[in-house]
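Here the structure is laid out as structure tokens; the discussion comes afterwards.
What you are looking at is a predicted structure, and each value in this text was computed from that prediction instead of being measured. In what follows, chains are A, B, ... by sequence order, proteins preceding strands, each numbered from 1.
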There are 2 protein chains.
Amino acid sequence: MPVTMDDVARAAGVALSTVSRALSDNPRVNVATRAQIQKLAREMGYVPSAIARGLATKRTYALGVVVHDIVDPFQAELVRLIDMRALELGYSLLLSHSGDEEQREQQAINILRQQRVDAIIMPDSSVSDSFLSQVASEGMPVVLLNRMSYPYSIEIDNVGAGEMAAIHLLDLGHRRIAYIGGTRTQPENDDRQSGYARALEKRGQSVDPALITLGNGWSDGGRDCMREFLKLAHPPTAVFCYNDLTAFGAIGAIQAAGLRVPQDISVVGFDDIALASILHPPLTSIAQDKEQMAKLAVEMAHALATGKPAAPRTILPGRLVVRASTAACS
Amino acid sequence: MPVTMDDVARAAGVALSTVSRALSDNPRVNVATRAQIQKLAREMGYVPSAIARGLATKRTYALGVVVHDIVDPFQAELVRLIDMRALELGYSLLLSHSGDEEQREQQAINILRQQRVDAIIMPDSSVSDSFLSQVASEGMPVVLLNRMSYPYSIEIDNVGAGEMAAIHLLDLGHRRIAYIGGTRTQPENDDRQSGYARALEKRGQSVDPALITLGNGWSDGGRDCMREFLKLAHPPTAVFCYNDLTAFGAIGAIQAAGLRVPQDISVVGFDDIALASILHPPLTSIAQDKEQMAKLAVEMAHALATGKPAAPRTILPGRLVVRASTAACS
DNA sequence: CTGTTAGCGCTTTCAC
DNA sequence: GTGAAAGCGCTAACAG
């Protein structure tokens, strides 16, 4: 149904290959006929077939992105930025959901393999290295976000960031500081918690296991964990959360219990998503340089896909953004 | 680099076409050799090339999705549900961002045209009908979400939903009810506002233009608009917002001004996104049946792509979810 | 500068 | 039941 190059060639009275060259602005074709063919193609409503081109060139100009859940604002922000940079480089995005299960994650990758994307970008992956290298051996490189131990990855210094958050609270005079984590499968969770623990130890504080718990990376998890903390004989005076969603849930639970943030309990989030600065109280959070992350990820994918030397594994620093959800311990 | 059908055929000592048939479970090939070929293909790590198949069959099993911004939780929830249903039907998703500009939207569609997706699904489109029908004439059907006047579309009854929200507030005794809209380009905005106006008129209330304003569909817009309302000599006692994000911003502004929700001002949102029930106070909102929407959209796209009769244009009802952000007017 | 031709990996008649 | 061969729409040598 759509117009093909052959149609254009016939209409222009030239060979198919000339059209192909003209349309790719090949200088080897006469500038006049080149312009004429381009004009004709436009008039005829010619739309190049990316799949035919892909078959011939072995490049699809499509990038696969596998996310746990696009509803997570942090992942959504990342995907949007990835899309922006990808568009600039001429790539389209194939989005695939993995849930949390490793099996679904493999399935998602397999679909992208079939679609012959030029590279795959995965935030928060938990697939095995062996599977990844098998995929890569087929000429489909994989770039990981937030997963150390993989050569092609970009991540932030989660340990350092976790430490930064805890230090901030310690500096405000807090001594009973809780940590509400994500899920066990989220690899960054351990690092953020380690950073938190390291900060306490540096200040000569012991880490109280009763003040460390596991949420689920979503608001309801934060809410439920906070409710439990509030039942304690000595509830924490400050809480560091795995991410902003968790923090929102925690704040909701605190307020629902009739307490105030930050007067009664201080809260620190992670990711600095857009809502963080707008809800009341504005949330103190650790910002990740998502823009840089997305940019580097796409560029690394691009380099890998074109066989150019890829930048080495990059670790970005986190940045503490102090807002009104934290205050001195009363 | 990847294993091809030809490789498998050679290894199995049969013709290429037999492999093709065996792999698609064609009953015309001997059940024993069929199983053997499938086993061999698996062992050899064969991954079918979707683009080669697409070229041959003229179906890519890819669906294009054009969103304004995936960071919008409502759109993200929709996309996730679309992906779930699409996966069940064997489709992959190509995601493309449109920003708000119609030009970018056309560009996004053009990329999907090149990729030869089987159909396009667009929430909140503002492209012209003529462009859409041109795309459709190439055998690439388009399904619209939340845009009336297009034959292949699914939407909720925005007028009715807007009326429902306003009635709820009127029933609580409110008389000064404001409306914070989205942007002008969001087509649902007008309908929601009409519903709001209709409710007031039905109850013999006049619509006060000073209480109607335009946000931007994001939290900061809601915050800024609410700040303006609070400067009024007689601020509203209740606010109906275009969507939940706008409502969150409005609530933030109210609380930042030292007032309380709902004791001083009631707030109603729209979309009932996940966060709505978790933040404090839990938000009264109009829920859309996103699951049904996504399901119908994918099925309509599928039907259109396969030339089967598509279900007629569907209008789903909205549903008022009353939570703690609304209360009787004091 | 332009035309001819051989694939890219797969599906699908058409023969046998 | 299986094989041979044409073709999907394009790119990229290879000739001229």
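- More than 12 non-hydrogen atoms from other residues, nucleotides or ligands lie less than 6.0 angstrom from CD of B:Glu43.
- Counted within 6.0 Å of OH on A:Tyr91, heavy atoms from surrounding residues, nucleotides or ligands total more than 12; the atom is thus considered enclosed.
- A:Lys295 and A:Glu291 are not joined by a salt bridge, as no carboxylate oxygen comes within less than 4.0 angstrom of a charged side-chain nitrogen.
- Computed from C1' positions of five pairs at each end, the angle between the two local axes of the helix from C:dC1-D:dG16 to C:dC16-D:dG1 equals 40°, rounded to 10 degrees.
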Polar atom pairs (N or O), protein with nucleotides 7-11 of chain D, under 3.5 Å:
from   : atom 1 : to      : atom 2 : distance (Å)
D:dC8  : O2     : B:Ala56 : N      : 3.3
D:dG9  : OP1    : B:Lys58 : NZ     : 2.9
D:dG9  : N2     : A:Ala52 : O      : 3.3
D:dC10 : OP1    : A:Tyr46 : OH     : 2.5
D:dC10 : OP1    : A:Ser49 : N      : 3.3
D:dC10 : OP2    : A:Met5  : N      : 2.5
D:dT11 : OP1    : A:Arg53 : NE     : 3.0
D:dT11 : OP1    : A:Arg53 : NH2    : 3.4
D:dT11 : OP2    : A:Ser20 : OG     : 2.8

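- A side-chain contact (heavy atoms from CB on, under 4.5 Å) with B:Met140 holds for exactly one of B:Asp118, B:Ile120, B:Ile109, B:Leu132; it is B:Ile120.
- Applying the 6.0 Å contact sphere to OH of B:Tyr61 captures no more than 12 heavy atoms from other residues, nucleotides or ligands.
- Within 6.0 Å of CD in A:Gln292 there are more than 12 heavy atoms belonging to other residues, nucleotides or ligands.
- On the nucleic acid side, DNA chain C contacts chain A at distances under 4.0 Å to non-hydrogen atoms, with the end points of that region at C:dC1 to C:dG9.
- Within the 3.5 Å criterion, the main-chain N or O of B:His97 finds a donor-acceptor partner in the side chain of B:Arg104.
- More than 12 non-hydrogen atoms from other residues, nucleotides or ligands lie less than 6.0 angstrom from CD of B:Glu88.
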I would like to know whether B:Gln115 and B:Thr60 meet side chain to side chain contact (heavy atoms under 4.5 Å, CB included); could you show each step before the answer?
CA-CA 8 Å; B:Gln115 298 284 353; B:Thr60 55; over 6 Å; no
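- Side-chain contact of B:Ser125 with B:Glu105: a donor-acceptor pair under 3.5 Å is present, judged by distance alone.
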